[in-house]
Protein chains: 2
Amino acid sequence: MIASPFIRKLEHFALLSTEDRRRIEALIGRATFLAPHEHFVRPGDDPRSVHILLDGWACRYKTLPDGRRQIVSLFLPGDMCDPYVFLLDAVDYAIGALTPCTVAKVPARSIRELTADRPHIAEALWWQTLVELDLQREKIVSLGRRNAKERIAHLFCEVLARLAAVGWSNGTDCDWPLTQADLADITGLSTVHVNRSLQEMRNDGLIELHNRHLVVRDHGGLRETAMFDTIHLHGLAAETPRTPTTEPG
Amino acid sequence: MIASPFIRKLEHFALLSTEDRRRIEALIGRATFLAPHEHFVRPGDDPRSVHILLDGWACRYKTLPDGRRQIVSLFLPGDMCDPYVFLLDAVDYAIGALTPCTVAKVPARSIRELTADRPHIAEALWWQTLVELDLQREKIVSLGRRNAKERIAHLFCEVLARLAAVGWSNGTDCDWPLTQADLADITGLSTVHVNRSLQEMRNDGLIELHNRHLVVRDHGGLRETAMFDTIHLHGLAAETPRTPTTEPG
DNA sequence: CGATAGGTTGAGTCGCATCAACCGGGGTGG
DNA sequence: CCACCCCGGTTGATGCGACTCAACCTATCG
């Protein structure tokens with residue numbers, strides 16, 4: 001049960017048999033609980049294990065020598081952080097909790113055994129890795145060529161699609177536990193500017209965002225300002241509702 | 001022979017036997033030649049094959065609906081573009097030649113057979129994929145939190161390290177076929193600003209860049225302004241010379 | 001009830017974009 | 001052989017988007 005968001009996500013990528021599912025459940029032994037700002041990976045760590053985020057939001061980030069911080073990945077419930085890191089020697093980023101998190105720590109050996117036995121699962125994990133490559137590319141485009149509102153809009157679209165894929169959102173609203181400072185570190189902006197951009201987006205009638213809850217008021221408008229394209233999610237967005245969008249103009 | 005830069009790169013990741021090398025050579029049938037601005041992958045393509053760049057520079061890029069363009073990956077001689085794309089359904093980016101290129105097109109099936117027979121090679125390809133993930137993350141940090149000079153400096157460091165890994169540079173100078181417009185599309189800047197930033201970097205005594213040739217004048221200074229860290233290259237930089245840097249100040 | 005975290009607002013500044021013109025070199029065609 | 005063009009690089013003027021600094025407001029919590 002507890003592994004369900006993770007399994008649900010994998011099933012977007014591969015057909016899993018009952019046995020597959022059983023083996024995945026078995027991966028998850030004791031779960032650990034983390035408070036916001038606690039870490040489960042630190043730069044320099046030798047990756048002898050892999051983490052599955054069962055509940056809560058987390059992020060991977062890098063910090064420059066002078067303190068500037070950039071979040072490079074956002075982890076949502078059901079995400080496995082770096083399925084294959086153990087192929088590498090060391091890691092140059094940190095992964096920390098943004099909200100209270102439930103995390104399962106899986107030894108690299110278990111992953112190796114599982115993927116050796118169960119090619120379907122191996123393929124699903126690789127698929128997931130390829131999707132992450134594509135998510136990152138889209139982030140590069142955002143940071144390189146989109147302005148503040150576009151970046152934020154794009155993030156909203158991405159997160160809603162990803163949450164919908166594991167049944168945590170209907171595609172139009174969701175819990176939004178991130179602070180404006182988190183948002184700034186994701187979008188490469190300052191908190192002040194995030195604040196003002198959000199206000200504009202509210203005034204434009206695109207979204208509502210109060211009390212840690214996000215509601216999309218104008219799907220068409222949001223996607224349009226984000227220039228959001230689901231192709232790069234590669235099936236992750238399969239369950240995203242095809243919303244009858246209200247085209248402006 | 002013709003596969004050598006590719007093999008050389010793989011050997012950073014895994015020990016290859018003579019048989020391994022033979023099999024890789026055999027992958028490469030006829031090579032195609034491309035002029036700058038010609039494409040070997042287009043958005044929407046169903047990836048039934050994989051490309052190995054034997055000579056020249058190429059890039060993966062995305063174009064926004066309104067024409068803004070962002071280069072998301074730079075391919076150098078010896079790079080395999082997307083070793084495992086064929087796991088996916090379609091592709092949402094373009095790959096095009098920046099200089100005249102020699103490219104080998106390898107059918108997905110050959111890759112599948114090769115990796116099934118030769119686990120060493122499979123692992124080397126996956127390693128390469130993980131390194132690319134890390135390169136992309138570093139790019140996200142650049143675009144999100146580094147300013148113009150820092151971004152350009154970081155790119156120079158990265159490219160020199162990658163070229164050195166396949167024997168195309170000694171780590172302090174190399175051919176630099178990119179135009180300032182290309183540089184702008186990589187760094188998310190305008191060409192005008194790239195131009196002015198380069199001038200400052202020349203004045204700062206960091207680099208020389210004339211006639212499509214790049215020379216690093218001050219290694220320490222360049223790395224410092226780039227805040228460049230080789231960890232994220234994971235062994236790709238193994239052959240990078242440990243240069244006795246001239247620390248300023 | 002003070003302390004703290006998160007959000008909001010205003011003023012001033014700067015990095016970078018945009019627009020536009022110009023320069024130099026290499027290739028091309030008459 | 002020269003006139004021309006085009007591409008890549010350079011320069012200047014101007015404007016805007018986003019940053020910084022700093023204050024203040026509100027809700028939550030021990």
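Side chains are part of it too, since the values below use all heavy atoms of this structure and drop only hydrogens, waters and symmetry mates. Reminder, nothing fancy here: chain letters follow the sequence lines and each chain counts from 1.
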> Tell me: CD of A:E150 to P of D:dA18, nearest whole Å?
Replying inline: 9 Å
> Tell me: CG of A:L143 to P of D:dG17, nearest whole Å?
Replying inline: 19 Å
> Does a nitrogen or oxygen in the side chain of A:Q180 sit under 4.0 Å from OP1 or OP2 of C:dA5?
Replying inline: no
>> Check B:K149 with B:D204, please: is the shortest side-chain N to carboxylate O separation under 4.0 Å?
In response: yes
> Should the pair B:R146-B:E138 be classified as a salt bridge under the 4.0 Å nitrogen-to-oxygen rule?
Replying inline: yes
> For A:R146 and C:dA17, what is the distance between atoms CZ and P respectively, to the nearest whole Å?
Replying inline: 17 Å
> Does B:W176 have any ring-ring contact (aromatic ring centres under 6.0 Å, His included) partners at least two apart in sequence or in another chain, and if so, which?
Replying inline: B:W57, B:F156
>> Taking any heavy-atom pair under 4.0 Å as a contact, classify B:R212: base, sugar-phosphate, or nothing.
In response: sugar-phosphate
>> Expressed as a whole number of angstroms, how long is the span from B:N211:CG to C:dG26:C1'?
In response: 13 Å
>> Output the rounded distance in Å from NZ (A:K149) to C1' (D:dC16).
In response: 14 Å
> Looking only at side chains, do A:Q199 and A:N195 share a donor and an acceptor under 3.5 Å apart?
Replying inline: yes
>> With a sphere of 6.0 Å drawn around CG of B:N203, does it hold more than 12 non-hydrogen atoms of other residues, nucleotides or ligands?
In response: yes
>> Return the CD1 to CG distance between A:I71 and A:L183, rounded to the nearest 0.5 Å.
In response: 8.5 Å
>> Whole angstroms only, please: what is the CD-P distance between B:Q70 and C:dA17?
In response: 11 Å
> Donor-acceptor pair, B:R145 side chain versus A:R69 backbone, under 3.5 Å?
Replying inline: yes
> Got a sec? Which of residues 198-210 of chain A come in under 4.0 Å of DNA chain C, heavy atoms?
Replying inline: A:Q199, A:R202
>> Would you say that more than 12 heavy atoms from the other residues, nucleotides or ligands in this model lie under 6.0 Å from the CG of B:D66, or not?
In response: yes
>> Tell me which residues in residues 183-196 of chain A lie within less than 4.0 Å of DNA chain C, going by non-hydrogen atoms.
In response: A:V192, A:N195, A:R196
